[in-house]
There are 2 protein chains.
Amino acid sequence: MQKETLSKNQKIILDYIEKVNEPIKAYSILHNVQKKGIKAPPQVYRALDKLVEIGKIHKIESKNAFVACKNSNCQISKATAFSICESCEEVSEISDHKLSKYLKTFQEKAGMKFNKYNLEFFGLCKKCSIK
Amino acid sequence: MQKETLSKNQKIILDYIEKVNEPIKAYSILHNVQKKGIKAPPQVYRALDKLVEIGKIHKIESKNAFVACKNSNCQISKATAFSICESCEEVSEISDHKLSKYLKTFQEKAGMKFNKYNLEFFGLCKKCSIK
DNA sequence: TTGTTAATTGTTATAATATAACATTAAATA
DNA sequence: TATTTAATGTTATATTATAACAATTAACAA
């Protein structure tokens with residue numbers, strides 16, 4: 001799904017998330033797109049749901065925040081991994097090929113039919129480690 | 001930390017979570033322990049925070065639910081992995097040694113000092129696959 | 001082009017999840 | 001036993017998310 005096929009509100013919200021370039025919360029998004037005519041939470045959550053569904057953004061579950069996908073720009077994201085600094089709150093998307101390959105293998109061994117996973121690492125980023 | 005060293009409310013809430021044996025939400029816990037004298041959300045959330053901290057329970061982030069730890073009974077849990085059935089909502093804790101070893105190695109390679117991770121797989125469990 | 005269906009939007013209200021703040025009590029320990 | 005740390009009780013409120021329904025727009029088959 002290309003950006004051009006997104007609806008008006010979806011585009012407004014994706015543009016904003018891409019612009020801020022860090023995880024952002026739904027009500028913060030709402031606050032920041034009100035000048036564009038988006039007035040109520042359901043308008044934001046609907047767009048977020050859709051954008052997550054098509055892989056344009058991810059939800060950082062441990063933070064109830066949303067961030068633009070950095071990996072591929074037009075592919076449903078079934079495999080997400082993030083590192084989260086517990087000090088400065090910085091979040092980066094991890095796209096380690098070996099990791100996703102390993103997790104895929106793991107899925108195949110298990111008794112379940114998996115179709116998605118999310119991995120969140122917590123710790124101290126480089127900058128905060130040396131403080 | 002042993003169960004005996006838990007406070008009154010912590011014990012009540014851990015007992016309840018262990019009894020139900022599936023992920024349960026904070027307000028559902030509250031509802032079910034009111035007969036034991038726990039009356040308000042902060043009492044529940046405080047106990048939950050502590051129990052998570054000492055590894056007696058885990059939070060399933062994608063569901064805002066809490067579940068008793070199945071792995072070791074008295075150890076801080078820094079490495080959690082769950083499989084979640086998208087149909088029947090069943091959640092199981094995964095304790096695959098190779099997986100945790102792999103993720104540990106992965107941590108060491110990365111630029112961050114990790115101290116915790118949480119992995120959530122989504123899919124269909126055996127029962128729901130054959131329906 | 002029109003009629004029909006599906007998707008999206010706008011809107012109000014409210015549900016569900018979680019914490020702030022502060023007074024009180026109990027437990028641990030110097 | 002004095003002190004301080006942890007836990008509790010309580011009220012209020014903040015934060016996150018969805019229900020419900022009417023109105024509008026887009027997609028597309030007849």
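Reminder, nothing fancy here: chain letters follow the sequence lines and each chain counts from 1.
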N/O donor-acceptor pair under 3.5 Å between Ser92(A) side chain and Phe82(A) backbone:
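No, because the side chain of Ser92(A) does not come within donor-acceptor range (under 3.5 Å) of the backbone of Phe82(A).
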
Hey, is the main chain of Ser62(A) close enough, under 3.5 Å, to the side chain of Glu120(A) for a donor-acceptor pair?
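Yes, the answer is positive, given that a donor and an acceptor are paired below the 3.5 Å cut-off.
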
Does Lys36(A) reach the side chain of Tyr16(A), with side-chain heavy atoms less than 4.5 Å apart?
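With C-beta onward as the side chain, the pair stays apart.
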
Less than 4.5 Å apart, any side-chain heavy atom of Gln43(B) and any of Val33(B)?
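They are not in contact (no side-chain heavy atoms under 4.5 Å apart), so the answer is no.
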
Over how many whole Å does the gap from [X] atom [atom1] to [N] atom [atom2] extend?
X	N	atom1	atom2	result
Ile54(A)	dT8(C)	CD1	C1'	14 Å
Ile60(A)	dT16(D)	CD1	P	14 Å
Gln34(A)	dG10(C)	CD	P	13 Å
Leu30(A)	dA17(D)	CG	P	13 Å
Ile13(B)	dA7(D)	CD1	P	13 Å
Asp49(A)	dT8(C)	CG	C1'	13 Å
Leu6(B)	dA27(C)	CG	P	14 Å
His31(B)	dT17(C)	NE2	C1'	17 Å

Identify whether the distance between the nearest side-chain nitrogen and carboxylate oxygen of Glu89(A) and Lys63(A) falls below 4.0 Å.
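Lys63(A) and Glu89(A): salt-bridged.
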
Check step by step if side chain to side chain donor-acceptor pair (under 3.5 Å) holds for Asn118(A) and Glu61(B).
CA-CA 10 Å; Asn118(A) 179 54; Glu61(B) 293 286 357; over 6 Å; no

In terms of the angle between their ring planes, are Phe121(A) and Phe114(B) parallel, tilted or perpendicular, with boundaries placed at 30° and 60°?
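Geometry flag for Phe114(B) against Phe121(A): tilted rings.
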
Verify the contact: side-chain N or O of Asn64(A) to OP1 or OP2 of dT15(D), cut-off strictly under 4.0 Å; return yes or no.
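No, Asn64(A) has no side-chain N/O under 4.0 Å of OP1/OP2 on dT15(D).
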
Answer yes or no: does a side-chain N or O of Lys59(B) lie under 4.0 Å from OP1 or OP2 of dA18(C)?
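For dA18(C), OP1/OP2 do have a side-chain N/O of Lys59(B) under 4.0 Å.
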
Going 5' to 3' along nucleotides 8-14 of chain D, which nucleotides have protein heavy atoms under 4.0 Å from the base (write B), which only from the sugar-phosphate (write S), and which from neither (write -)?
BBBB---

Choose from dT19(C), dA7(D), dT16(D) the nucleotide whose nearest atom is closest to any side-chain atom of Tyr45(B).
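Side chain of Tyr45(B) sits closest to dT19(C).
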
